[in-house]
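Letters go in sequence order (proteins before strands), and every chain restarts at 1.
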Amino acid sequence: MAGEAKPTTNVIATLRERGLISQITESGLEELANRERLTVYCGFDPTRPSLQIGNVVPIILLAHFQRAGHQPILLVGGGTGMIGDPSFKSDERQMLTLEQVRDNAERVRQQLSGYLDFEGENAAVMVNNVDWLGKMTLIEYLRDIGKHFTINHMMAKESVKTRIESREHGISYAEFSYMILQAADFLHLFDVMGCTVQVGGNDQWGNLTAGVELIRKTREAHAHALTAPLVTSASGAKLGKTESGALFLDPAMTTPYEMYQYWINTDDRDVGHYLKVFTFLSLAEIAALEAAQAEQPASRVAQRTLAWEITRLVHGQAVADGVAAASDALFGGGVASLAEANLPYLAQAVPTTIFAASALAAGLSPLDALVLTGAQPSKGAARRLIQQGGLYVNDERWSDPERPITREQALFGRALLLRVGKNRYHLLLVGE
RNA sequence: GGGCAGUUACCGAAGCGGCCAAACGGGACUGACUGUAAAUCAGUUGGCUUACGCCUUCGGAGGUUCGAAUCCUCCACUGCCCA
């Protein structure tokens with residue numbers, strides 16, 4: 001399949017100008033990529049139930065390759081996930097149970113399914129390395145693969161260096177062998193699909209080159225490796241870190257609204273860089289957004305675009321539109337501007353409490369409402385908050401703690417958005 | 001095993017018989033200002049249908065006293081010193 005159709009654009013140049021290349025093998029990949037259709041793969045180990053935002057970067061690499069006419073392979077590490085990658089990890093991993101790995105692998109497979117085009121002549125392919133690693137015999141592993149690696153070379157790899165030198169932690173034989181398994185993956189995909197390029201995060205460099213070397217030694221063929229840099233912010237913070245933990249792709253673990261808000265709050269200094277990395281907007285469009293942002297900082301136009309694009313990429317356009325509408329209602333236009341259809345996205349955006357219609361009909365004490373939703377720990381605290389002017393009900397400042405909230409204030413007759421302070425919200429919804 | 005010092009609110013730390021729901025600092029929260037940022041300034045920071053009223057709180061349990069975070073006894077834990 002590979003090599004039949006001409007690629008359309010210079011994908012390496014595209015990646016380079018977007019700051020998406022950290023290391024690349026000196027193997028003529030750029031010229032080759034312009035000449036023929038390549039098959040490119042990236043692996044994702046199911047070590048957790050969900051991928052994180054950082055995992056999107058190598059997916060985007062694959063997407064750029066696909067847009068340029070090449071064929072991407074998404075590899076789910078159902079086999080390697082049973083061992084655990086030691087690269088740049090200070091401790092031996094807690095081994096997952098086989099059930100956990102299988103369950104995680106299925107989730108990861110679903111999370112990966114939305115980014116690439118699985119139709120057409122350079123359709124993306126999804127594979128799971130347990131399908132071949134699981135069948136390999138010990139003798140095959142040692143004779144066909146292991147024979148081509150020297151321990152000396154493996155020990156010199158930067159990715160495992162600290163573990164080799166560490167007295168306290170050490171490294172098990174299992175984890176030490178991880179790079180060989182990943183090399184075996186590359187060899188397998190080379191053999192059965194003609195795959196000659198592997199991409200990954202920068203921490204994967206050692207594992208990628210292990211595969212390149214294995215293919216050279218056993219098949220006398222050239223394979224290529226390319227890594228994306230670790231994305232960092234101007235303030236040095238690790239990308240995707242929130243108070244509640246990492247930004248997960250699974251909407252049950254990180255709501256699309258949280259995802260959207262995370263990017264909305266991007267520092268001006270980072271927004272251009274992130275647009276290049278996480279969206280497919282042209283460099284001209286990005287430059288225009290940056291200029292508009294610099295001229296009108298309050299518009300947050302670059303951040304809005306970034307947040308919408310990433311949310312759409314991860315969760316789809318309908319969800320991106322919904323959370324954007326909810327976000328605008330919360331921070332800009334007010335809740336009155338929200339369409340009733342977007343109420344579910346608002347409920348996803350803020351903690352939501354269901355309460356009885358009768359309570360509203362009788363007139364709801366704002367003190368009770370604050371305590372009921374957990375927005376305030378006690379009525380005393382709620383009273384202080386109101387007296388300080390810190391409560392808004394559907395955007396109306398509620399300064400009298402004794403004034404009951406009635407049905408007239410409710411949006412669509414059933415929704416009360418309590419705002420505590422500048423930007424803490426609680427939604428009260430009348431139950432069915 | 002012996003000796004000494006300590007244990008106060010989210011954290012640090014005052015208080016050493018009534019004026020203590022407990023100084024002060026940090027944090028957190030609210031307001032003003034702002035770009036859903038940072039900085040700054042002001043206020044709030046045990047509970048109770050806000051009441052110069054009541055209730056619960058100063059490691060735990062008892063006791064002395066009209067009255068205890070403050071004094072006594074025992075217990076638990078922490079730190080330092082000596083064996």
Side-chain angles (χ1 to χ4, degrees), chain A residues 232-237 239-244 247 254-275 289-311 320 322-338 342 345-346 348-351 359 362-406 417-427:
Chain A
T232 53
S233 68
S235 59
L239 191 76
K241 279 284 173 200
T242 68
E243 308 95 78
S244 50
L247 275 187
T254 298
T255 65
Y257 178 80
E258 275 180 87
M259 174 73 72
Y260 183 88
Q261 280 302 307
Y262 178 85
W263 296 107
I264 278 283
N265 285 317
T266 299
D267 194 307
D268 285 3
R269 293 172 293 175
D270 293 318
V271 71
H273 175 213
Y274 292 170
L275 282 165
L289 281 170
E290 284 187 285
Q293 176 67 25
E295 197 175 321
Q296 285 278 4
S299 71
R300 309 180 70 70
V301 59
Q303 281 87 344
R304 281 173 204 281
T305 307
L306 175 70
W308 187 83
E309 288 284 348
I310 295 183
T311 308
V323 296
S327 178
D328 285 347
L330 258 27
F331 292 100
V335 76
S337 68
L338 194 73
N342 283 327
Y345 291 104
L346 191 67
Q348 181 186 90
V350 305
L364 182 65
S365 156
L367 300 173
D368 289 336
L370 285 167
V371 174
L372 176 72
T373 55
Q376 290 295 309
S378 70
K379 287 187 185 177
R383 188 178 298 275
R384 278 193 297 274
L385 176 86
I386 293 171
Q387 284 167 347
Q388 290 175 134
L391 175 67
Y392 294 77
V393 178
N394 286 344
D395 299 319
E396 178 193 350
R397 181 176 258 179
W398 207 269
S399 47
D400 182 359
E402 306 305 332
R403 178 183 167 204
I405 302 170
T406 66
L417 183 67
L418 307 183
R419 182 179 130 207
V420 174
K422 264 197 288 192
N423 51 19
R424 282 164 53 213
Y425 290 91
H426 289 264
L427 184 63

### Summary
So CG of L418(A) and CG of L372(A): to nearest 0.5 Å the spacing works out to 9.0 Å

### Query
Using atom P of each nucleotide, how far apart are G6(B) and G17(B) to the nearest Å?
15 Å

### Task
Check every atom of U36(B), U49(B), U34(B) against the side chain of K422(A) and return the nucleotide holding the closest atom.
U34(B)

### Query
Among the nucleotides U30(B), A37(B), G35(B), which one has an atom lying closest to any side-chain atom of R424(A)?
U30(B)

### Query
What integer distance in Å separates Q296(A):CD from G35(B):P?
10 Å

### Task
Would you mind telling me which of U30(B), C48(B), U36(B) lies closest to the side-chain atoms of K379(A)?
C48(B)

### Task
Please state the P separation for the pair U7(B) and G59(B) - nearest whole angstrom.
8 Å

### Message
Checking base pairs now: Watson-Crick or wobble, both atom distances under 3.5 Å. What partners A23(B)?
### Response
none

#### Entry: Separation between the P atoms of G60(B) and G26(B), rounded to whole Å
28 Å

### Message
Run L417(A) and L338(A) through side-chain contact (heavy atoms from CB on, under 4.5 Å) and show every step you take.
### Response
CA-CA 12 Å; L417(A) 183 67; L338(A) 194 73; over 6 Å; no

#### Entry: Nearest-Å distance once atom C1' is located in both C52(B) and G62(B)
35 Å

### Query
With both distances under 3.5 angstrom, what nucleotide forms a Watson-Crick or G-U wobble pair with A51(B)?
none

### Task
Mind calculating the distance between CZ (R383(A)) and C1' (G31(B)) to the nearest angstrom?
19 Å

### Task
Report yes or no: does Y257(A) contribute a side-chain atom to a donor-acceptor pair with the main-chain N or O of A326(A) at less than 3.5 Å?
no

Extract from the structure each pairing of a protein N or O with an N or O of nucleotides 51-53 of chain B at less than 3.5 Å, listing the distance.
none

### Summary
If pairing means Watson-Crick or G-U wobble with both distances under 3.5 Å, then the partner of C74(B) is G60(B)

### Identity of whatever pairs with A68(B) - Watson-Crick or G-U, under 3.5 angstrom
none

## Note on the structure
In short, A381(A) meets P377(A) closest at the heavy-atom pair CB-CD, 4.0 Å

### Task
With heavy atoms under 4.0 Å as the rule, sort R397(A) into base, sugar-phosphate or nothing.
sugar-phosphate

### Interatomic distance at P, G46(B) relative to A23(B), whole Å
9 Å

### Query
Is there a side-chain polar atom (N or O) of R300(A) under 4.0 Å from OP1 or OP2 of G35(B)?
no

### Query
For L289(A) and G35(B), what is the distance between atoms CG and P respectively, to the nearest whole Å?
20 Å

#### Entry: Watson-Crick or G-U wobble partner of G79(B), both distances under 3.5 Å
C4(B)

#### Entry: Atom-to-atom span, OH of Y260(A) to C1' of U36(B) - whole angstrom
11 Å

### Message
Between R304(A) and A324(A) (side chain of the first, backbone of the second, donor and acceptor by atom type, cut-off under 3.5 Å), is there such a pair?
### Response
no

### Message
Can you tell me how far apart CG (L391(A)) and CD (E396(A)) are? Round to the nearest 0.5 Å.
### Response
10.0 Å

### Task
For Q261(A), report the nucleic acid contact type (base, sugar-phosphate, nothing); a contact means any heavy atom under 4.0 Å.
base

### Query
Given atom CG of D267(A) and atom P of A39(B), what is their separation to the nearest angstrom?
13 Å

### Summary
Partner of A28(B) under the Watson-Crick or G-U wobble criteria, both distances under 3.5 Å, comes out as U44(B)

### Message
Rounding to an integer number of Å, can you tell me how far R269(A) CZ sits from G35(B) C1'?
### Response
14 Å

### Query
Under the 3.5 angstrom rule, does the side chain of Q293(A) hit a backbone N or O of V301(A) as a donor-acceptor pair?
yes

### Query
So, the side chain of R419(A) versus the backbone of G421(A): is there a donor-acceptor pair under 3.5 Å, distance only?
yes

### Message
Would you measure the distance from the C1' atom in U65(B) across to the matching atom in U70(B) and give it in whole Å?
### Response
13 Å

### Query
Between L289(A) and Q303(A), is a side-chain contact (heavy atoms from CB on, under 4.5 Å) present by the stated rule, with each step listed?
CA-CA 9 Å; L289(A) 281 170; Q303(A) 281 87 344; over 6 Å; no

## Note on the structure
Note: for A381(A) and I264(A) on RNA chain B, the residue whose nearest nucleotide lies more 5' is I264(A)

## Note on the structure
Between P297(A) and Q376(A), the residue closer to the 5' end of RNA chain B by nearest nucleotide is Q376(A)

What's touching nucleotides 41-46 of chain B from the protein side, N or O pairs under 3.5 Å?
from   : atom 1 : to      : atom 2 : distance (Å)
G43(B) : N2     : Q388(A) : OE1    : 3.3
U44(B) : O4'    : Q388(A) : OE1    : 3.2
U44(B) : O2'    : R384(A) : NE     : 3.3

### Task
Take atom P in G63(B) and the same atom in G2(B), then report the distance between them in whole Å.
28 Å

### Query
So which nucleotide from G35(B), U30(B), G31(B) ends up closest to the side chain of D268(A)?
G35(B)

#### Entry: Nearest-angstrom distance from the residue atom CD of E295(A) to P of G35(B)
15 Å

### Message
Applying a 4.0 Å non-hydrogen cut-off, can you work out what S299(A) is touching in the nucleic acid: base, sugar-phosphate, or nothing?
### Response
nothing

### Task
Write down the distance separating the C1' atoms in A69(B) and C58(B), rounded off to the nearest Å.
5 Å

### Query
How would you label the contact of G421(A) with the nucleic acid (heavy atoms, under 4.0 Å): base, sugar-phosphate, or nothing?
sugar-phosphate

#### Entry: Lys/Arg-Asp/Glu bridge criterion (N-O < 4.0 Å) met for R383(A), E402(A)
yes

### Query
Is a side-chain donor or acceptor of W398(A) paired with a backbone partner of R403(A) at a separation under 3.5 angstrom?
yes

### Query
Do S327(A) and U36(B) share a donor-acceptor pair, side chain to base, under 3.5 Å?
yes

### Query
Charged N to carboxylate O under 4.0 angstrom, K379(A) versus D368(A)?
yes

### Pairing partner (Watson-Crick or G-U wobble, both distances under 3.5 angstrom) of G17(B)
none

## Note on the structure
Output for pair (R424(A) CZ, L330(A) CG), nearest 0.5 Å, gives 13.5 Å

### Query
What is the pairing partner of A38(B), taking Watson-Crick or G-U wobble pairs with both distances under 3.5 Å in any strand?
none

#### Entry: Nearest-angstrom distance from the residue atom CG of L391(A) to C1' of G31(B)
14 Å

